[in-house]
Protein chains: 2
Amino acid sequence: MPAYDPSAFPPFAVTVDLVVLTVRRHALCTLVVRRGEAPFQGRWALPGGFVRAEEDLGAAAARELVEETGLCAYDPAAPAPVPSNGAHLEQLATYGAPDRDPRMRVVSVAHLALAPDLPAPRAGGDANSARWAPVEELLGEDAAAGAGGGGAGTLAFDHSRILADGVERARSKIEYSSLATAFCPPEFTVGELRRVYEAVWGVALDPRNFHRKVTGTPGFLVPAGGTTTRQGGRPAQLFRAGGATLLNPPMLRPEV
Amino acid sequence: MPAYDPSAFPPFAVTVDLVVLTVRRHALCTLVVRRGEAPFQGRWALPGGFVRAEEDLGAAAARELVEETGLCAYDPAAPAPVPSNGAHLEQLATYGAPDRDPRMRVVSVAHLALAPDLPAPRAGGDANSARWAPVEELLGEDAAAGAGGGGAGTLAFDHSRILADGVERARSKIEYSSLATAFCPPEFTVGELRRVYEAVWGVALDPRNFHRKVTGTPGFLVPAGGTTTRQGGRPAQLFRAGGATLLNPPMLRPEV
DNA sequence: ATCATAGTCGTCTCCCTGACGATAAACACG
DNA sequence: CGTGTTTATCGTCAGGGAGACGACTATGAT
């Protein structure tokens, strides 16, 4: 085995790609930007960019998140003071197939961000080249776009795979953590939280059992001023996310 | 935002580091190698190495695994034919703090490998510079080594963090998947599987309830010839891993 | 023969969950 | 102003799974 030689290593570019998920109009959506350049020109892609020379991976992801959405990533270690435009950010996985970028060897550290519903995307200054796309539309949950897998509306590079991995991570993680509150504004109702679960999982949940589960789990929700708001029918109690991060026992998504 | 310019990117080195876990003598152990060079010379570190120019990340990890242990990583997609010296291999996370290697900017894609108990480590030809170290000894589950966190026996670089993340991944993943069988030989008894859980979680489990759970979960275990073996008392039935990869409902580790 | 060690089968109770009835509090109508 | 609709919230009930154990079985060690 060759010795660890700092001067003889293959040159890599390292980027971060972002899977930014939100719930809009009862559907799970992700932020995509239109490519203006050579490979996959005109196709939609996940936002991302190069990691700078003296920048940590998480910092690069947070920087890209601000540039693309204006969202401020909050540290999971921090206590309650979540800014109103805060988003959950975590590392997802790293993708480095030799041919994933035809121009050169690029290793991309994908990150997953969960954000509450936002007014409109602003692509770092360039408008209309970014949008919230329903995940179902991009992934075609039902075997999209004929043979080969490279359907019409599929994302550039291996971004479809990255998106699929990010969505699956989000779907499984809200089972056993309180992460679903990251999709909600600072104060929210039980019904709003339930609609988040329904949108992410793509299923319908029983309102009564859901209410019992989330209000009965200590530390999950704390009443926020006991106030109410309206969204249709009877006013609902407002909550904010409690300190608990782990849901035990978990709330398993219904099978089949 | 600067355009995607392939010729102007900061130079990175990309490596893979391996958290190879196994269960030896009732204890969760990991493979560590002794560093012979400049930074952290003489300290123990996780095995790893550079990703080659035309090599996929997973391939690089599998190559390192063979070089260090002789273990052959099997693809999770593959069916039953698991080689006797096969190991589970999956990507863990990527670590890229700017100062994690004092010599240059190195981004390391850590991987997690789970292997059955092996005779003895062979460090790619170099013996006695590799060993199976009990995880508890390396991580000091009980706030090891005074202040600062850089205790006496701690690993080089940020490898203690990587190891901790890998161990936590393994601990949580055997809850809801059949991954614990990766620590066992192709044929094993329920008691051996239980001792794996006990070693990984560091708890004692009720043999009766454990037996009921694993034999009652369809697809988890399949009887292997109905044969028996001895390990002390009454002979036990032999099983091999079934096709099921997900455990539903999960087997949650006891709290506190 | 007796003991120690493991494996395996049962039982009992508690808690959680899914299914679903019932009530409450707002709004949109006519 | 009543009625219907929508949503929130509380209750009830049956079934399943898990923790706590008792009991029995089949080996080897003494």
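The model shown is predicted, which means the values in this text are computed figures rather than measured ones. Chain A is the first sequence line, chain B the second, and so forth, proteins listed ahead of strands; every chain is numbered from 1.
Rounded to whole Å, atom P of C:dT8 lies 10 Å from atom CZ of B:Arg194. The distance from atom CZ of B:Phe210 to atom C1' of C:dT8 is 14 Å, rounded to the nearest whole Å. One atom, CZ of B:Phe239, and another, C1' of C:dT8, lie 10 Å apart when rounded to the nearest Å. Atoms CG (A:Leu221) and P (D:dT9) sit 11 Å apart, rounded to a whole Å. As a whole-Å value, the separation of A:Leu238 CG from D:dT7 P is 17 Å. One interatomic measurement links the two molecules: CG of B:Asn209 to P of C:dT11, which rounds to 15 Å at whole-angstrom precision. Rounding to whole angstrom units, CG of residue B:Leu205 and P of C:dA6 are separated by 15 Å. The nearest whole Å value for the distance from the CG atom in A:Leu252 to the C1' atom in D:dG16 is 13 Å.
Contact annotation: the side chain of B:Leu89 never approaches that of B:Leu112 to less than 4.5 Å [non-hydrogen atoms, C-beta and beyond]. Side-chain contact between A:His111 and A:Glu90 is absent, with no heavy atoms from C-beta onward closer than 4.5 Å. Put simply, the side chain of A:Trp132 reaches to within 4.5 Å of the side chain of A:Val20, judged on heavy atoms.
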Handout entry: side chain to side chain contact (heavy atoms under 4.5 Å, CB included) assessment of A:Leu71 paired with A:Val66
Key = CA-CA 5 Å; A:Leu71 286 165; A:Val66 174; over 6 Å; no
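Judged as a salt bridge (Lys or Arg N to Asp or Glu O under 4.0 Å), and not counting sequence neighbours, the contacts of B:Arg253 are B:Glu168, B:Glu175.
Residue B:Gly191 is the one, among B:Asp206 and B:Gly191, whose nearest nucleotide of DNA chain C lies closer to the 5' end (criterion: closest heavy atom). Along DNA chain D, the nucleotide nearest to A:Pro207 and the one nearest to B:Gly233 differ in position, and the one closer to the 5' end is contacted by A:Pro207.
For the pair B:Lys213 and D:dA18, the criterion of a side-chain N or O lying under 4.0 Å from OP1 or OP2 is met. OP1 or OP2 of C:dT8 has at least one side-chain nitrogen or oxygen of B:His211 nearer than 4.0 Å. Remark: B:Arg195 is in phosphate contact with C:dG7, judged by side-chain N or O atoms under 4.0 Å from OP1 or OP2. Using a 4.0 Å cut-off, no side-chain N or O of B:Arg234 falls inside it from OP1 or OP2 of D:dC24.
For B:Arg212, taking side-chain heavy atoms from C-beta onward, the closest of the listed nucleotides C:dC12, D:dC13, C:dA25 is C:dC12. If you check C:dA25, C:dA19, D:dA26 against the side chain of A:Pro235, the one that comes closest is C:dA25. Of the candidates C:dG10, D:dG11, D:dA26, the closest approach to any side-chain atom of A:Arg208 belongs to D:dG11.
Geometrically, A:Arg131 engages A:Trp44 in a cation-pi contact defined by less than 6.0 Å to the ring centre and at most 45° from the axis.
Between the two ends of the helix from C:dA1-D:dT30 to C:dG30-D:dC1, each summarised by a five-pair axis, the helix axis turns through 0° (rounded to 10 degrees).
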Per-pair distances, 0.1 Å, donor-acceptor, side chain in residues 178-186 of chain B, under 3.5 Å, sequence neighbours excluded:
unit_1   : atom_1 : unit_2   : atom_2 : d
B:Ser178 : OG     : B:Ala244 : O      : 2.9
B:Thr181 : OG1    : B:Ser178 : O      : 2.8

